[in-house]
Amino acid sequence: MSGTEEEAAARRAAAEARSRVRFEEEALELSDQVYRVARRLVSSREEAEDLVQETYARAFRSWRSFTPGTNLRAWLLRILTNLNIDRGRRAQRSPDTQPLEEGDYFLYNKLESTLPDENPDEERVIERLSQNSVVDALAEVPHDFRDVIVLVDIGEFSYADAAHILDIPVGTVMSRLHRGRRILKQQLAEKAAA
């Protein structure tokens, strides 16, 4: 190899090292957001930390596949959700088979039946539900539905972004969101009425 070829190779290696450092810095700046989504997907902090660690390990291993200038947060969250789906499949979790035909006002109807002669309003419902009970109820939603709820309702992603992250059609996102919300309402009603 001649001197100019060695210099060119050294410049390419230095440019690649700078690109990797820049990628890692930008990815680590998003770690709080990635953790918040992970925390909503799993039932414990330890599981969320493990999921985030796996996400960053996979991202750093395959950093070259990220296209600079595109949405890094969506790319990381796609890795996160794919890992969570894989984890769920490994655990062979079966979907909740409770009927969903209770109606959209299940929470209010359930509370009304436990509070005679009172008309429960939204503030009373909220008072009965702590943040932990909401997190617990969300953890009981089957993961296919929970992933969509977390991305759209908590992560404030559009349906299209959520579909891209989960690699599913937009119609499936809308369907899972509707069914997931109904399951979550039912879980919250049971916790509020208990």
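What you see is a predicted model; the values in this text were computed from it and never measured.
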Visitor: Taking salt bridge (Lys or Arg N to Asp or Glu O under 4.0 Å) as the test, write out the residues that go with Asp50, two or more places apart.
Guide: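 None.
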Visitor: Residues two or more places apart in sequence or in another chain: which of them pass salt bridge (Lys or Arg N to Asp or Glu O under 4.0 Å) with Arg78?
Guide: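 With sequence neighbours excluded, Arg78 shows a salt bridge (Lys or Arg N to Asp or Glu O under 4.0 Å) to Asp167, given in chain and number order.
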Visitor: What distance separates Ile154 CD1 from Glu156 CD, expressed to the nearest 0.5 Å?
Guide: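 That separation rounds to 10.0 Å.
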Visitor: When you compare the side chains of Thr4 and Glu7, does any donor N or O come within less than 3.5 Å of an acceptor on the partner?
Guide: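 Distance-only check fails for Thr4 and Glu7.
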Visitor: Measure across Val148 and Arg176 and return the closest heavy-atom pair with its distance rounded to 0.1 Å.
Guide: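 Taking every non-hydrogen atom into account, CG2-CB, 3.9 Å.
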Visitor: Taking the inter-plane angle between the rings of Phe23 and Phe60 on a 0 to 90° scale, is it parallel (under 30°), tilted (30 to 60°) or perpendicular (over 60°)?
Guide: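 It falls in the perpendicular class, over 60°.
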Visitor: Could you note down all residue pairs passing ring-ring contact (aromatic ring centres under 6.0 Å, His included) where residues 31-54 supplies at least one of them, sequence neighbours left out?
Guide: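 Listed once each, the pairs would be none.
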Visitor: Less than 4.0 angstrom from a charged side-chain N to a carboxylate O is my criterion; do Arg87 and Glu47 meet it?
Guide: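 Salt bridge: yes.
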Visitor: Taking Arg20 first and then Glu24, would you say they form a salt bridge - that is, a charged N and a carboxylate O separated by under 4.0 Å?
Guide: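 A salt bridge links Arg20 with Glu24.
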Visitor: Where do Ile165 and Ala74 come nearest, in terms of heavy atoms and distance?
Guide: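 Heavy atoms only, the tightest pair is CG1-O, 3.7 Å.
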Visitor: Tell me the closest heavy-atom pair linking Ala160 and Val170, and the distance in Å.
Guide: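 It is CA-CG2, 4.1 Å.
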Visitor: Work out which heavy atom in Leu76 is nearest to a heavy atom in Thr55; give both atom names and the distance.
Guide: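 Residues Leu76 and Thr55, closest heavy atoms: O-CG2, 3.6 Å.
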Visitor: What residues form a side-chain contact (heavy atoms from CB on, under 4.5 Å) with Arg12, not counting sequence neighbours?
Guide: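 Result, side-chain contact (heavy atoms from CB on, under 4.5 Å) vs Arg12: Ala8, Ala9.
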Visitor: Please list every donor-acceptor pair under 3.5 Å in which a side-chain atom of residues 26-34 meets a protein atom from a residue at least two apart or in another chain.
Guide:
residue: Ser31; atom: OG; partner: Leu28; partner atom: O; Å: 3.0
residue: Gln33; atom: OE1; partner: Arg73; partner atom: NH1; Å: 3.1

Visitor: Listed by chain and number, what are the side-chain hydrogen bond (donor to acceptor under 3.5 Å, both in side chains) partners of Asp86, not counting sequence neighbours?
Guide: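 Here no residue qualifies.
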Visitor: Please find the pair of heavy atoms, one from Val42 and one from Ala48, that lie closest to each other, and give the distance.
Guide: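 Closest heavy-atom pair between Val42 and Ala48: CG2-N, 3.3 Å.
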